[in-house]
Amino acid sequence: MMINLVQDDAHDYGELSLRQNKILNNMLGCEIDFIVKGLDAKTRSIVASRKEAMLKKRQIFYLEKDANGTPKVHEDRVVQARVVAVAEKVVRAEIFGVETSILARDLSFDWLGDARERFHVGDHILVRILEVNAQDPVHVIVRADVKSVEGNTSKENMKKCKVQGKYAGTVEDIHKGTVFVRLSIGVNAIAHSCYDSRTVGKKDNVSFVVTHIDEERNVAVGIITRIIKQNL
């Protein structure tokens with residue numbers, strides 16, 4: 001299955017078989033390639049290898065070159081990927097025989113508190129290849145993102161945002177006292193304080209007042225004045 005886990009002092013996460021089973025459980029429902037190695041007509045079962053299929057695809061797409069001396073998958077190319085696992089802050093995708101992790105910050109220009117709300121195992125998504133390091137079929141590393149394919153709508157929407165303007169929004173994440181809010185007008189916003197006596201939480205609907213627009217980071221900075229609806 002090509003689930004190669006590092007085993008050393010820095011990656012001591014318990015028994016290897018339990019870790020492998022946990023990863024496989026997260027992959028339930030994903031689409032994979034495999035090469036049939038054997039057939040048993042009596043039990044109506046087959047033995048197959050995902051590893052051989054992935055190594056073959058790596059050879060075709062990353063190592064073999066066309067007439068221009070360029071492999072099929074190269075930097076800055078937009079290609080289709082399969083989502084094979086999803087966690088709160090990361091999506092694991094297979095790109096023609098190579099698995100790579102795409103962090104939440106590379107999935108969307110919008111604040112994305114939980115990747116599982118937008119991406120699901122079995123999805124086919126478009127990704128842009130940022131980096132390829134292919135030495136041989138066994139040693140291929142790929143970095144990719146999704147947000148550069150989708151584009152940044154927040155930049156255009158920022159024109160609707162005004163200082164002292166009051167907007168509704170949804171809390172997407174909270175980290176070290178900073179609240180990340182996605183405004184209803186399609187703008188990313190951050191707040192460091194909340195005037196409501198209640199404690200703000202993820203997915204709360206809030207009222208937000210803009211005090212400053214950070215054009216360099218393309219975000220609105222302001223204050224949460226009231227929690228409209230708490231996600232209990």
Side-chain angles (χ1 to χ4, degrees), residues 1-40 43-63 72-73 77-108 111-150 172-173 175 202-203:
M1 285 289 292
M2 287 289 280
I3 301 175
N4 301 317
L5 301 175
V6 178
Q7 285 185 290
D8 56 30
D9 293 337
H11 299 82
D12 185 14
Y13 301 120
E15 189 177 341
L16 183 62
S17 61
L18 293 178
R19 291 169 60 197
Q20 290 174 328
N21 282 332
K22 185 177 180 180
I23 291 172
L24 284 171
N25 284 332
N26 289 336
M27 292 174 64
L28 287 175
C30 77
E31 182 180 299
I32 64 170
D33 298 304
F34 58 86
I35 291 178
V36 176
K37 304 294 290 181
L39 284 163
D40 189 333
T43 60
R44 299 177 65 84
S45 60
I46 65 171
V47 177
S49 171
R50 183 191 186 208
K51 177 179 180 178
E52 289 194 23
M54 292 178 76
L55 292 176
K56 189 169 185 178
K57 292 192 81 170
R58 291 181 183 192
Q59 179 68 40
I60 294 170
F61 288 95
Y62 294 93
L63 297 171
K72 292 182 176 64
V73 179
R77 183 165 187 184
V78 176
V79 299
Q80 189 180 75
R82 297 166 172 167
V83 176
V84 295
V86 184
E88 184 180 13
K89 298 294 184 183
V90 65
V91 166
R92 187 121 181 117
E94 183 193 326
I95 308 172
F96 298 104
V98 180
E99 287 191 7
T100 186
S101 295
I102 306 175
L103 301 179
R105 64 173 178 265
D106 294 322
L107 292 172
S108 175
W111 295 145
L112 191 61
D114 192 340
R116 293 170 294 193
E117 294 180 353
R118 190 176 301 184
F119 299 91
H120 306 89
V121 173
D123 287 350
H124 288 190
I125 59 174
L126 293 178
V127 302
R128 187 182 302 279
I129 304 298
L130 303 178
E131 181 182 351
V132 177
N133 186 351
Q135 301 175 22
D136 54 61
V138 177
H139 302 96
V140 181
I141 298 173
V142 176
R143 282 199 316 111
D145 80 350
V146 178
K147 67 180 185 181
S148 66
V149 179
E150 293 185 342
E172 292 294 338
D173 206 356
H175 182 67
K202 289 181 69 172
K203 295 307 171 187

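Residues take their numbers from the sequence shown, with the count starting at 1.
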For this session: Show your working on side chain to side chain contact (heavy atoms under 4.5 Å, CB included) between I125 and Q80 and close with a plain yes or no.
Result: CA-CA 6 Å; I125 59 174; Q80 189 180 75; over 6 Å; no
Exercise. Nearest 0.5 Å, what's the CG-CZ distance between D106 and R143?
Worked result: 7.5 Å
Problem set entry | Residue pairs passing the ring-ring contact (aromatic ring centres under 6.0 Å, His included) test where at least one lies in residues 86-106, sequence neighbours excluded | F61-F96
Exercise. Is there side-chain contact between L24 and M1, with at least one heavy-atom pair below 4.5 Å?
Worked result: yes
For this session: Could you check E117 against D114 for side chain to side chain contact (heavy atoms under 4.5 Å, CB included), going step by step and ending with a plain yes or no?
Result: CA-CA 6 Å; E117 294 180 353; D114 192 340; 4.1 Å; yes
For this session: State, yes or no, whether a side-chain contact exists between R50 and E94 at a heavy-atom distance under 4.5 Å.
Result: yes
Exercise. Nearest heavy-atom pair of Y62 and V132: which atoms, and what distance?
Worked result: CD2-CG1, 3.9 Å
For this session: Hey, could you give me the OG/CZ distance between S148 and R128, rounded to the nearest 0.5 Å?
Result: 4.0 Å
For this session: Just jot down the side chain to side chain donor-acceptor pair (under 3.5 Å) partners of E150, sequence neighbours excluded, or say none.
Result: none
Exercise. Of all residues at least two apart in sequence or in a different chain, which pass the side-chain contact (heavy atoms from CB on, under 4.5 Å) check with V90?
Worked result: A87, S101, L103
For this session: Evaluate side chain to side chain contact (heavy atoms under 4.5 Å, CB included) for D173 paired with K89, printing each intermediate quantity in order.
Result: CA-CA 11 Å; D173 206 356; K89 298 294 184 183; 2.4 Å; yes
Exercise. Between T100 (side chain) and V142 (backbone), is there a donor-acceptor pair under 3.5 Å?
Worked result: yes
Exercise. Considering only heavy atoms from C-beta outward, does the side chain of N133 approach that of V140 to under 4.5 Å?
Worked result: no
For this session: With the side chain counted from C-beta on, respond yes when D40 and I46 share a heavy-atom pair under 4.5 Å apart, and no when they do not.
Result: no
Problem set entry | R82 (side chain) donor-acceptor with D123 (main chain) under 3.5 angstrom | no
Exercise. Rounded to the nearest 0.5 Å, how far does CE of M54 lie from CD of Q59?
Worked result: 14.5 Å
Exercise. Shortest non-hydrogen contact from A115 to V91?
Worked result: CB-CG2, 4.1 Å
For this session: Could you list the residues that satisfy side chain to side chain donor-acceptor pair (under 3.5 Å) with K57, not counting sequence neighbours?
Result: D33
Problem set entry | Partner residues of D136 under the side-chain contact (heavy atoms from CB on, under 4.5 Å) criterion, sequence neighbours left out | V138, H139
Exercise. Does NZ in K202 sit with more than 12 non-hydrogen atoms of other residues, nucleotides or ligands closer than 6.0 Å?
Worked result: yes
Exercise. Is it true that atom NE2 of H124 has more than 12 heavy atoms of other residues, nucleotides or ligands lying nearer than 6.0 Å?
Worked result: yes
Problem set entry | Nearest heavy-atom neighbours spanning V121 and M27 | CG1-O, 3.9 Å
For this session: Check whether any side-chain heavy atom of V146 lies under 4.5 Å from a side-chain heavy atom of L126, and answer yes or no.
Result: no
For this session: Using a strict 4.0 Å threshold on nitrogen-to-oxygen distance, state whether E99 and R92 make a salt bridge.
Result: yes
Exercise. Are V149 and V127 close enough that some pair of their side-chain heavy atoms sits under 4.5 Å apart?
Worked result: no
Exercise. Less than 4.0 Å between a side-chain N and a carboxylate O, is that true for D145 and K147?
Worked result: no
Exercise. Does the side chain of P137 reach to within under 4.5 Å of the side chain of L63, using non-hydrogen atoms?
Worked result: yes
Exercise. Taking side chain as C-beta onward, heavy atoms only, is L112 less than 4.5 Å from R118?
Worked result: yes
Exercise. Hey, what do you get for CG (L18) to CD1 (I23), rounding to the nearest 0.5 Å?
Worked result: 11.5 Å
Exercise. Looking at residues at least two apart in the chain, or sitting in another chain, which of them share a side-chain contact (heavy atoms from CB on, under 4.5 Å) with A93?
Worked result: A81, I102
